[in-house]
Structures are given as structure tokens and as C-alpha cells.
Amino acid sequence: MPSIYGPVAHKPRLPSYELITTFDQLFDLVASIGADEFALDFETTSLSPKTGKVRLASICNDSTRALIDFYEIDLPSDGFEHCAFLFSGFSPIVFNAGFEQRWFDHSTRPGSVKCRDVWYLRCAMRGGGRTSLARFAKHELDIEVDKTEQVSDWDAPALTQEQLDYAFLDAEVTWKLYKKFRADADSEQLRCAQMFDDMVPAVIEMEDAGMAFDAAAHTRTLQGWEAERDGLRVQLDELLPDIENINSDTQLSDYFSKSMPDNWLRAWPRTEKTGQLSMTSKSLVLLSGMAPVDSPLRTFLTTLSEYKHISKYCSSFGESLLKSVGPDGRIHARFNIAAAKTCRFSSSSPNLQQTPRGEHVRQAFVAAPGNMLVSLDYSGIELRVLALLTGDERLLEDCVWGDVHATVAEKMTGQPVDKSTPEGKEARRRAKAVSFGIIYGSSALGVAGSMGCSMDDAQSYIDFWADRYPKAFQYRYDMMGEAQGSGVIRMVDGGTVWMSRRPALPKCANYPVQRAALSVMARALIRHKATLDTRRGCLPSPQCMISLVATIHDALIDEVDAGHADAALGWMRNDMTEGYLDVFPGAPTAKLVEGGIGPSWGELE
DNA sequence: AACGAGCGCGCG
DNA sequence: AAAGCGCGCGCTCGTT
């Protein structure tokens, strides 16, 4: 078949590449790559294999530079579908592995091609984040990648020279980036990068499955919020009719700056950048406490706080969540691997990780008819991994066999804590704030701020903590020392995180802990995906559902056929336990996970 | 009209 | 320099 592009020879103005238009050429190309590493990039006619095709694949390493046009390949139809198997056993280097992986999995046995992500390699070496290939290339290579062709028509019978060049450039840039980071990577960092790569199949499963959403029930919930919001709005308008937009913190700040006496303005917390009066819920409650009981001002401030709360639900978790529901009645959120600096996941479109626990939002995330949701979370995982990272026997013992917060509370108050009394609950809550302060690297100032106590009291609480858990306490300073000495901190999974020139204690203290918790979840997720793949292969009826649907930092959620819910819970418990042991071999597993089964996210027993 | 900064707040 | 970690998103407001 003659090529519509004419002679394959290429204009020299850009680094040349071979245009592949026949199956034989492709076969030879793949054979010539052999075991060598190579970068790969697809141009596709849509974002999903369900609705589109792979038009181009560009391949680049030091000895091979090729661009494959699958519309030209001399096969009956849809070239890529029939050629993808040629890449079985290969591990292409890509940017944004989830994308290329989906197309391979659609056309070959899932997992037979395992994409490796150059961005995850960078994350393993420097710490996580999100970027585009263009920004990545600009920052690391100072190469400008013009992305205007990215959204061009990749379905056109004949592609323009610009389209072809752009397509190849992405693979070339990916290869250059990979070489740069691979040259500096040590084996531990590579082990970490592989962990991120290995998470990709689980993430694809979660994103593709989505979570069923009861839009009708949520619409009723939203109507309730809106009625409450509108009622509060009427009250606010009656109390302060001269504020044009009650939703504007700036206008509120201006109003109070003019109308309130100086002693109020001195007490009123300010915002960080612009110094206007803070309108946080905390500030409003603080200020309302200064106003006389039943005064209009007090009523206004408390009502404003309530109004802002319910407005938040309306704007962030009302219509926008309903709009996120796909044609299949499910919400397909994204789970972004290593998106946080600590390489924790982030979630977006929508951010499932910020779904409110209250106001019946989680009840709208349901299992489809005939299914149940199965969920477990690691209990107190951050304190637990802190104990394991530091070898603090007493902290570990308290995490595993006791109640850390109650123990710290007893230490702080000098009295036994009865969790059934309000005093006991309050003491435990305050102890929890201290322990979190330690994990976050707080100073006495921070602890005092979060607990609403004096600096002296806060310091004494911290001293109690340091006395009981000396190794865990000392760890924070060890990590700061490591950061100051080397500029990086080595994480438990082998990855490293670049720290700023003068690293602050809070970050040095927290990053390794937050990262260790992520590592545990990552190992659990990888194992659980493998378990579900195996179990699905043994099911009597193929339409019987067992799927990962979400991870919320320290929790996993599956949706499963009701008849398999108990079994799935057991598999999940085992996978989460083994994932934890992958990171901390031999660690105690008692009371490690808790959770249950239910018809919705909000009703798990 | 589009964009970014700033703020606030939901979650772990 | 700030000094309790990590996110994403909706809103307002000034700039382009």
C-alpha cells in the first residue's frame, strides 16, 4: 500500500524519525528494540478507548526514532488493536501512564504491557506533584513544547507535517526526561518509582468503575440545604441590609473595619496576605463571644457562621456533585498518583477525598442494586507508622494494645480517663490534638493555638509526650538534621523528597510519616488489585461485580455483588494487612484495620 | 471573557 | 521567613 505521505524521508528541520506505515515495518521495529528501554507516546482520536482509536504511536530512544501511523498499517481495520500485542512484555516509558496503559489494556491482555511513568520517577527522587509534559520539559530541559497540535484532529485522513512532528516530539522529550532522571536514580528510588507504576492498574480500575450516585436522594438533600441557606440569608439581610454581597468576605471586612470600635478590631484575627478581617468560622465564633448575649451583633455573627457553613455545602457538594454524575449514573473521580509533595494521592473532578462526613452526602454514594460497598480503613495509621519508623516501643505498644489518646490524656491530667464521661472525652480530644501536633511538628505555639490553652500548658503537654515517647519525639529533629545535611529526606519506600534550603521542623517531622502511611496504602492497593483480578477469574457469572472503587488516604472501598461482600471484606483485610507488612515486616497487626459493609458510603457497618 | 491571587473550608 | 502536614475547589475581585 502506497503511503499517503509519499516518500518516508523527512525534512531535516527537525530531528528525523522513521514513519512506519506497514505491519512488516512495525514488526521489524519492535524486534530491533529488543530489551532496550524506550519512550512512547500516543495520539488518539478521543480520551477513552471506548470511543476512540490510537492514531499515532511515537517511539524514541538513543537508537530508534519512529512514528507509527496505525491508519496506514496494512491491516483490515483499526491497526492498533491488531498490533498492540507486539508490545507484550515491553515496559514503555511514558508521561501520564494511566492514559497509555488504558489503550494497551483495551487491545491486549491487561497488564501484558506495563507502562512506566517518567513523572513518577521524578516524584520518587524529589517528591510528588502534578504537572504537564510541557511544563516538565520546560523546567527540566528548558525545551518549549508547543501543545497547540494536541487538540488537533487526529482522525484526519492525512495528518499535517506539524501534527507528525508534534507527535514525535512528545516521545523524544519523554525520552530525554527519562534519561536525565534515570542517570541520577539509585536503586532505592527506582524501587519507589516502580511502586508508583504498579499502582496504575488499581487506579484505572477505580476511575473506570466510579461510584454509583443516588442523584434523586441527593437532590432532596440539596433542596433542604438551600431552604436553610435562604432562611438564614433573609435573617442576615434584616440584620445588616447595607452589605451588597453577603458572600464577600472583603465587603464584610470593610463594613466591620468602619463600624467596629478599635478594641474589637485589635482582637479580630486578620488574613495573611491582605490583612483584612478574617471571616473564618473560628474568627466569627470568637468575635460573637465578645458581643453581649442576644445583641444583634452576636446574632449576626453566629448566623453568618451558620450561613457560610450551609453555603459551603450548597456550592461545593450540591449541584456540582450532581453535575459530576456520568451517563452511567456513576461519579468517576480521578485519583492522582503521587500528586502531593509527600506522594500521597490527590483526587479531583470531583475531589472524592473531601466528601463531607455529615449532612448525608456520603449516603448518596451508594452501591448499585444487588451490590454492597465494602470498606476498611487503617486505624490511627500515622501514629502507628511513626512508632515503627522510630522504633519507639512504648508508642507502638500504646497504638496496638491500648488507646494512645487516652493514655496521653491520663499522662496529661494525671488521672484515669473515663471515655464515657464528657470530661473524659474532652481530655482525650485534647490529648489527640497534642499527638497530632507532634506528627505535624508543632511548636508549643501551635499546640496552644489548636487547643486554646496557654503556651506554658502546651509546653508541658509536649513535655509529657516527649517523656513517654522519647524516640518518636527525637525523630523530628533527626529528620531535620538529615534535611539540612543532604537537602533531601529518604522515605521508607526508598524514595527521596527534596526539602527547601532551610527546612522547617514541621515539614521534616511530617513528611516521612505521611509518606509511610501512603506506602502502606500503596502496597495494599497493589495487592488488592491483584487479588481482585485473580478472584474475578474464578467467578461463576461474569456480570457479578467485584471492583475497587475508591481510596481515601487510609481507606479502601470496593463495590461487590451482595453475595460476595463478606468474602471481599476478608480479602481486603488480608491485602491491607499484607501491604502494611510489606513496608514494616514483622510489625504487629492487631487492631490494624476497621470498617464494614453497607448499602452506601455513609452507612458502613 | 479569561486568568490568577487570596481566602476559606471540606477531607485525611 | 515562618514556625501544625497534605490536598482540590468555589467564590470574589482585580487585572489583562
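Naming convention: chains lettered A, B, ... in sequence-line order (proteins, then strands); numbering from 1 in each chain. Note that the structure is predicted; figures quoted are calculated from it, not measured.
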Margin query: Thr496(A) vs Arg126(A), test: side-chain contact (heavy atoms from CB on, under 4.5 Å). Steps then yes/no.
Written below: CA-CA 6 Å; Thr496(A) 44; Arg126(A) 298 188 182 175; over 6 Å; no
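Annotation: cation-pi pair Arg476(A)/Phe473(A) present, NZ/CZ under 6.0 Å from the ring centroid and within 45° of its normal.
Comparing dG12(B), dG6(B), dC9(C) by their closest approach to the side chain of Ser349(A) singles out dC9(C). Closest contact between the side chain of Thr271(A) and the listed nucleotides dC9(C), dC5(C), dG8(B) involves dG8(B). Ranking dC11(B), dC5(C), dA1(C) by closeness to the Tyr313(A) side chain, first place goes to dC11(B). Counting only heavy atoms from C-beta on, Gln276(A) has its side chain closest to dC7(B) among dC7(B), dC11(B), dG6(C). Of the listed nucleotides (dG6(B), dG6(C), dC7(C)), dG6(B) has the atom at the smallest distance from the side chain of Thr274(A).
Look at Arg102(A) and Asp208(A) and you find a salt bridge, because one of the NZ, NE, NH1 or NH2 atoms lies within 4.0 Å of a carboxylate O, short of that distance.
Here Ala433(A) lies in heavy-atom contact (under 4.0 Å) with a base. Using a 4.0 Å heavy-atom cutoff across all strands shown, Arg362(A) reaches sugar-phosphate atoms only and no base atom. Counting any heavy atom pair closer than 4.0 Å across all strands shown, Ala504(A) reaches a base atom. Within the nucleic acid shown, Ser450(A) comes within 4.0 Å of at least one base atom, counting heavy atoms only. Here Glu382(A) lies out of heavy-atom contact (under 4.0 Å) with every strand. Within 4.0 Å (heavy atoms only), Ser311(A) reaches no atom of the nucleic acid at all. Looking at heavy-atom distances under 4.0 Å, Lys273(A) makes contact with sugar-phosphate atoms alone, never a base.
Following rounding to the nearest Å, Arg229(A) (CZ) and dC11(C) (P) show an atom-to-atom distance of 10 Å. Atoms CG (Asn336(A)) and P (dG6(C)) sit 17 Å apart, rounded to a whole Å. In this entry the distance linking CG of Leu321(A) with C1' of dC11(B) reads 13 Å, nearest Å. A straight line from CG of Asn351(A) to P of dC9(C) spans 6 Å, rounded to a whole angstrom.
The backbone N or O of Ser311(A) lies less than 3.5 Å from a partner atom in the side chain of Ser315(A), making a donor-acceptor pair.
Phosphate proximity of dC7(C) to Gln514(A): absent, as no side-chain N or O sits under 4.0 Å from OP1 or OP2. Remark: Ser248(A) is in phosphate contact with dC13(C), judged by side-chain N or O atoms under 4.0 Å from OP1 or OP2. Contact annotation: Lys507(A) does not reach the phosphate of dA2(C) (side-chain N/O to OP1 or OP2, under 4.0 Å). For the OP1/OP2 pair of dC5(C) and a distance below 4.0 Å, the side-chain nitrogens and oxygens of Arg344(A) include no atom meeting the criterion. For dT12(C), the OP1/OP2 oxygens have a side-chain nitrogen or oxygen of Asn245(A) closer than 4.0 Å.
Going from the C1' atom of dG12(B) to that of dG4(C) covers 14 Å, rounded to whole Å.
Two residues, Leu505(A) and Tyr511(A), neighbour DNA chain C, and the one matched to the more 5' nucleotide by heavy-atom proximity is Leu505(A).
Taking the six-membered ring for Trp and thresholds of 30 and 60 degrees, Phe136(A) and Phe95(A) have ring planes inclined between 30 and 60 degrees apart.
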